[in-house]
Number of protein chains: 2
Amino acid sequence: MYIAAMPRAATTSDAFNAVAEPRRRAILNYLALQERPVGDIVASLGLEQPSVSKHLRVLRDVGLVHVRRDGRRMLYRTNAEAIRPLHEWTSSFERFWRHQLSRVKERAER
Amino acid sequence: MYIAAMPRAATTSDAFNAVAEPRRRAILNYLALQERPVGDIVASLGLEQPSVSKHLRVLRDVGLVHVRRDGRRMLYRTNAEAIRPLHEWTSSFERFWRHQLSRVKERAER
DNA sequence: TTGACATATTCCCATATCGGAATGTATATT
DNA sequence: AATATACATTCCGATATGGGAATATGTCAA
């Protein structure tokens with residue numbers, strides 16, 4: 001019996017993996033303000049169309065964007081709600097960097 | 001002349017890539033409260049020692065943990081400051097999920 | 001010095017990329 | 001119907017994993 005190896009997790013396994021790619025973050029930033037067709041993303045970010053479509057596919061699979069068809073165009077928009085888990089995870093460290101900061105401040109004041 | 005391909009970015013390329021791995025997030029959570037030797041992480045998280053060392057190596061390379069030697073032990077601790085960029089990126093979407101939420105609320109109230 | 005203990009690194013391998021090029025699919029226009 | 005437009009998917013190749021096993025490195029103890 002063969003047991004599957006566990007290499008790096010799929011980019012579609014969760015929002016953390018999906019957002020690790022900088023171009024996908026750029027797309028999410030771009031689509032946060034309002035929905036846009038694929039062509040606009042291609043033009044604005046200067047990426048190849050197939051590349052953008054593939055990134056959008058990953059973002060869709062983890063729920064980071066929503067889509068709707070408009071004629072022959074596909075309008076994408078960021079689903080901010082799906083970014084919340086990341087925000088919450090990072091927030092749990094907020095008090096620590098506050099502490100570290102105040103310690104640095106104290107030292108500087110002495 | 002050969003131009004290097006650009007596959008998935010290295011886990012050590014930045015904090016976003018480093019925290020994409022769930023075991024590394026678990027390690028960061030564990031080391032947030034206080035510094036700990038590698039053996040404690042192994043025992044607490046139930047991972048193999050070489051695996052933990054390798055994850056710590058990645059976290060060190062992107063500055064997410066700091067280390068100091070204590071005899072034959074290595075004491076690691078989370079450097080919360082390095083998590084801030086992720087927090088700030090996710091925070092830029094906060095107002096959007098607030099909006100989405102209020103829209104959902106409005107609809108529910110009607 | 002010789003061991004024991006704690007941690008790090010290396011080697012191997014199956015897997016999941018990411019970009020580029022080519023091709024496929026759906027909708028609109030004439 | 002035929003063509004054009006807008007996207008999506010597939011195939012390819014180079015690369016970076018992540019776990020497991022084995023081994024190396026470094027420090028303390030007798």
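- Formation of a donor-acceptor pair under 3.5 Å by the A:Arg25 side chain with backbone atoms of A:Val19 is found in this model.
- For C:dA6, the OP1/OP2 oxygens have no side-chain nitrogen or oxygen of B:Tyr76 closer than 4.0 Å.
- At D:dG19, one or more side-chain N or O atoms of B:Arg23 fall inside 4.0 Å of OP1 or OP2 (strictly under the cut-off).
- As rounded to whole Å, 12 Å separates atom C1' of D:dT23 from atom NZ of B:Lys54.
- Considering only the side chain of A:Arg72, C:dT27 comes nearest among C:dT27, C:dA16, D:dA29.
- Straight-line distance from the CG atom of B:Asn17 to the P atom of D:dT15: 18 Å, rounded to whole Å.
- At a threshold of 4.0 angstrom between heavy atoms, the contacts of A:Ser53 include nucleobase atoms, whether or not backbone atoms are also involved.
- A straight line from CG of B:Leu75 to C1' of C:dA6 spans 11 Å, rounded to a whole angstrom.
- Ring geometry, B:Phe96 versus B:His99: the interplanar angle exceeds 60°, so the pair is classed perpendicular (tilted spans 30 to 60°).
- Criterion: ILVMFWY side-chain heavy atoms under 4.5 Å apart, direct or through other members. Under it, A:Ile27 and A:Leu75 are not part of a common hydrophobic cluster.
- Contact annotation: A:Arg57 side-chain N/O to D:dA8 OP1/OP2 distance is not under 4.0 Å.
- Two residues, A:His55 and A:Arg69, neighbour DNA chain C, and the one matched to the more 5' nucleotide by heavy-atom proximity is A:His55.
- In the set C:dT7, C:dT17, D:dA8, D:dA8 carries the atom at the smallest distance from any side-chain atom of A:Leu56.
- Comparing A:Ala9 and B:Pro50, the nucleotide of DNA chain D nearest to each residue sits closer to the 5' end for A:Ala9.
- Protein atom CD of A:Glu21 is 11 Å distant from nucleotide atom P of C:dT17, rounded to whole Å.
- At whole-Å resolution of the value, CD1 in B:Ile27 and C1' in D:dG19 are 13 Å apart.
- Taking 3.5 Å as the limit, the base of C:dA8 and the side chain of B:Gln49 contain a donor-acceptor pair of atoms between them.
- Applying the 4.0 Å criterion to OP1 and OP2 of D:dC7, one finds that A:Arg73 has every side-chain N and O outside that range.
- For B:Thr11, taking side-chain heavy atoms from C-beta onward, the closest of the listed nucleotides D:dG18, C:dA21, C:dT9 is D:dG18.
- Taking the six-membered ring where tryptophan is involved, the planes of B:Trp89 and B:Phe16 are perpendicular, since the angle between them exceeds 60° and thus also 30°.
- Rounding to whole angstrom units, CZ of residue B:Arg68 and P of C:dT7 are separated by 13 Å.
- Across all strands, A:Pro37 comes closer than 4.0 Å only to sugar-phosphate atoms, never to a base (heavy-atom distances).
- Closest approach of B:Arg23 to B:Glu21, counting heavy atoms only: NE-OE2, 2.8 Å.
- If you take CG of B:Asp40 and C1' of C:dT7, they are 13 Å apart, rounded to a whole angstrom.
- Here B:Arg24 reaches the OP1 or OP2 of D:dG18: one of its side-chain N or O atoms lies under 4.0 Å away.
- Nearest-nucleotide positions on DNA chain C for A:Ala10 and B:Val38 put B:Val38 closer to the 5' end.
- Residues B:Asn17 and B:Arg24 come closest through the heavy atom pair O-NH2, 3.9 Å.
- The side chain of B:Ser51 contributes an N or O atom lying less than 4.0 Å from OP1 or OP2 of D:dG19.
- Candidate nucleotides D:dA16, C:dT9, C:dT17 were compared by shortest atom distance to the side chain of A:Thr12, and C:dT17 ranks first.
- If you take CD of A:Glu48 and C1' of C:dA21, they are 10 Å apart, rounded to a whole angstrom.
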